[in-house]
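Predicted model, so just to flag it, every value in this text is computed and none were measured.
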Amino acid sequence: MLGRLLNYFAAYPIDFATYLFSSLPVIVSLLKSKYLISSSKFIVLFFTWFFLKETYSLYLAFTAPSNLFLQNIEPIFETILCGLVFYYAIDKALERKIISLGGTVCTLLLIYFYQSEAVSALSLSIFRVYAIILTLLYFNRLLTDMHAVSIMHHTLFWFSSSLLLYSAGTFFIVLFSEYWYQGMDKVPAAVFDQYWNASQILFIIFAVLSAVGLWMSKHDRRTI
């Protein structure tokens with residue numbers, strides 16, 4: 001199985017890079033653990049979940065007929081964890097209610113539209129819309145309250161910026177994902193790889209910038 005895994009990573013180096021970089025925020029958090037505030041801990045849980053999901057997905061790729069069901073489970077956990085990140089990052093009662101209500105509605109919709117045998121474009125899109133709303137709420141909070149003395153030393157600034165880039169950048173890719181997941185008999189492999197690799201590269205950027213934010217976590221307690 002190890003030989004097959006090495007051959008897989010050799011054939012798909014971007015997938016291998018994504019898998020490795022998804023662990024980068026977790027590694028950084030171990031080095032900066034004493035500085036992490038509540039919202040930062042949920043960022044770590046977000047990437048821990050993704051890394052474990054990818055590990056299990058790789059295992060299923062070699063032992064099971066399909067691992068597509070994980071693609072629809074993923075946005076459920078991501079929605080919950082992202083909601084918790086921003087819930088603890090924003091202290092305004094109204095905005096917390098919006099985050100809680102939006103997260104609850106999105107989670108229920110994701111569970112309702114869950115599919116085990118096919119990728120759900122609707123599920124993948126719901127998470128990204130919710131993530132975009134969360135980041136805009138957070139940037140509005142920064143601009144109106146200016147709690148962060150130095151934005152560049154603020155963990156949530158890096159996470160929010162990269163999450164917005166990832167969510168907005170992959171929105172239209174996942175919106176049509178049911179088309180390019182149809183199989184090579186209907187969609188050429190080159191077309192699938194183009195969209196898939198674009199999503200993977202954006203996630204790598206997301207992980208790297210989030211790791212940079214966690215590295216800055218020692219400043220959070222005095223800049224919030």
Side-chain angles (χ1 to χ4, degrees), residues 25 29 36-50 53 71-115 120-175 177 199 202-203 205-207 209-214 216-217 219-224:
S29 72
L36 299 181
I37 59 176
S38 297
S39 56
S40 298
K41 291 176 182 177
F42 284 109
I43 294 175
V44 178
L45 284 176
F46 179 94
F47 285 100
T48 300
W49 148 253
F50 186 89
K53 186 269 299 182
Q71 297 290 330
N72 297 327
I73 292 177
E74 179 181 339
I76 297 174
F77 285 92
E78 289 178 338
T79 296
I80 294 170
L81 292 172
C82 274
L84 289 170
V85 169
F86 289 96
Y87 181 86
Y88 284 100
I90 297 176
D91 55 7
K92 298 294 185 182
L94 176 59
E95 292 174 344
R96 279 191 164 188
K97 287 181 181 179
I98 293 172
I99 292 169
S100 300
L101 180 60
T104 301
V105 171
C106 289
T107 301
L108 292 175
L109 287 173
L110 289 169
I111 294 172
Y112 179 77
F113 289 111
Y114 172 78
Q115 300 178 45
S120 172
L122 182 59
S123 295
L124 298 175
S125 301
I126 287 172
F127 161 67
R128 282 157 177 79
V129 171
Y130 181 57
I132 291 170
I133 292 172
L134 289 176
T135 56
L136 294 179
L137 277 175
Y138 184 71
F139 284 126
N140 178 69
R141 181 258 193 183
L142 280 182
L143 291 173
T144 55
D145 293 347
M146 295 302 290
H147 283 182
V149 176
S150 176
I151 290 180
M152 298 300 289
H153 290 163
H154 194 33
T155 299
L156 265 296
F157 168 76
W158 290 93
F159 177 76
S160 300
S161 299
S162 56
L163 177 62
L164 181 60
L165 175 65
Y166 172 69
S167 301
T170 60
F171 178 75
F172 286 103
I173 293 176
V174 302
L175 192 62
S177 59
S199 297
L202 285 170
F203 185 86
I205 296 171
F206 176 33
L209 294 182
S210 295
V212 171
L214 290 169
M216 301 288 182
S217 58
H219 301 284
D220 285 338
R221 296 184 186 277
R222 67 170 181 262
T223 59
I224 295 179

Can you list everything that forms a side-chain contact (heavy atoms from CB on, under 4.5 Å) with I76? Sequence neighbours excluded, please. I80, T107, L110, I111
Which atom of R141 lies closest to which atom of H154, heavy atoms considered: NH1-NE2, 4.5 Å
How long is the straight-line distance from NZ of K53 back to CD of E74, given to the nearest 0.5 Å? 3.5 Å
Angle between ring planes, F159 versus F86, binned at 30° and 60°: parallel, tilted or perpendicular? tilted
For S125, which residues count as a side-chain hydrogen bond (donor to acceptor under 3.5 Å, both in side chains) partner, sequence neighbours excluded? none
Could you check whether any side-chain N or O of T135 sits under 3.5 Å from a backbone N or O of I132, counting only pairs where one atom can act as donor and the other as acceptor? yes
Note: S120 and Q115 closest approach over all heavy atoms is CB-NE2, 3.7 Å
With sequence neighbours left out, the residues meeting side-chain hydrogen bond (donor to acceptor under 3.5 Å, both in side chains) with T170 are R128
Would you mind reporting whether L214 and S40 have side-chain heavy atoms less than 4.5 Å apart? yes
Would you say the side chain of Y114 lies within less than 4.5 Å of the side chain of I73, judging by non-hydrogen atoms? yes
Donor-acceptor contact below 3.5 Å, side chain S167 vs main chain L164: no
Is the distance from the ring center of F206 to that of F47 below 6.0 Å? yes
CG/L45 to CZ/F77 distance, rounded to the nearest 0.5 angstrom? 11.5 Å
Would you indicate whether the side-chain heavy atoms of F139 and F157 approach each other to under 4.5 Å? yes
First locate atom CH2 of W158, then atom OG of S217, and finally report the distance between them rounded to the nearest 0.5 Å. 13.5 Å
Distance in Å, I173 CD1 paired with L124 CG, rounded so as to fall on 0.5 Å steps: 11.5 Å
Applying ring pair (Phe, Tyr, Trp, His ring centres under 6.0 Å), name anything that partners F50, two or more places apart in sequence or on another chain. F203
Under 6.0 Å from the CZ atom of F171, do we count more than 12 heavy atoms belonging to anything else shown? yes
Check: residues 98-105 side-chain donor-acceptor pairs under 3.5 Å, at least two apart:
residue : atom : partner : partner atom : Å
S100    : OG   : R96     : O            : 2.9
T104    : OG1  : S100    : O            : 2.8

Do you know which two heavy atoms are closest between S162 and I205, and how far apart they sit? CB-O, 4.4 Å
Interatomic distance, I133 atom CD1 to L137 atom CG [nearest 0.5 angstrom]: 7.5 Å
Which atom names give the shortest non-hydrogen contact between P75 and S123, and what distance separates them? CB-O, 3.8 Å
Hey, what do you get for OG1 (T79) to CG (L108), rounding to the nearest 0.5 Å? 11.0 Å
Looking only at non-hydrogen atoms, find the nearest pair between C82 and L163 and report the distance. SG-CD2, 4.0 Å
Between F42 and L84, which heavy-atom pair has the shortest distance, and what is it? CE2-CD1, 3.5 Å
Sorted by chain and residue number, the side-chain hydrogen bond (donor to acceptor under 3.5 Å, both in side chains) partners of E95 (sequence neighbours excluded) come out as none
V85 side chain reached by L156 side chain, heavy atoms, under 4.5 Å: yes
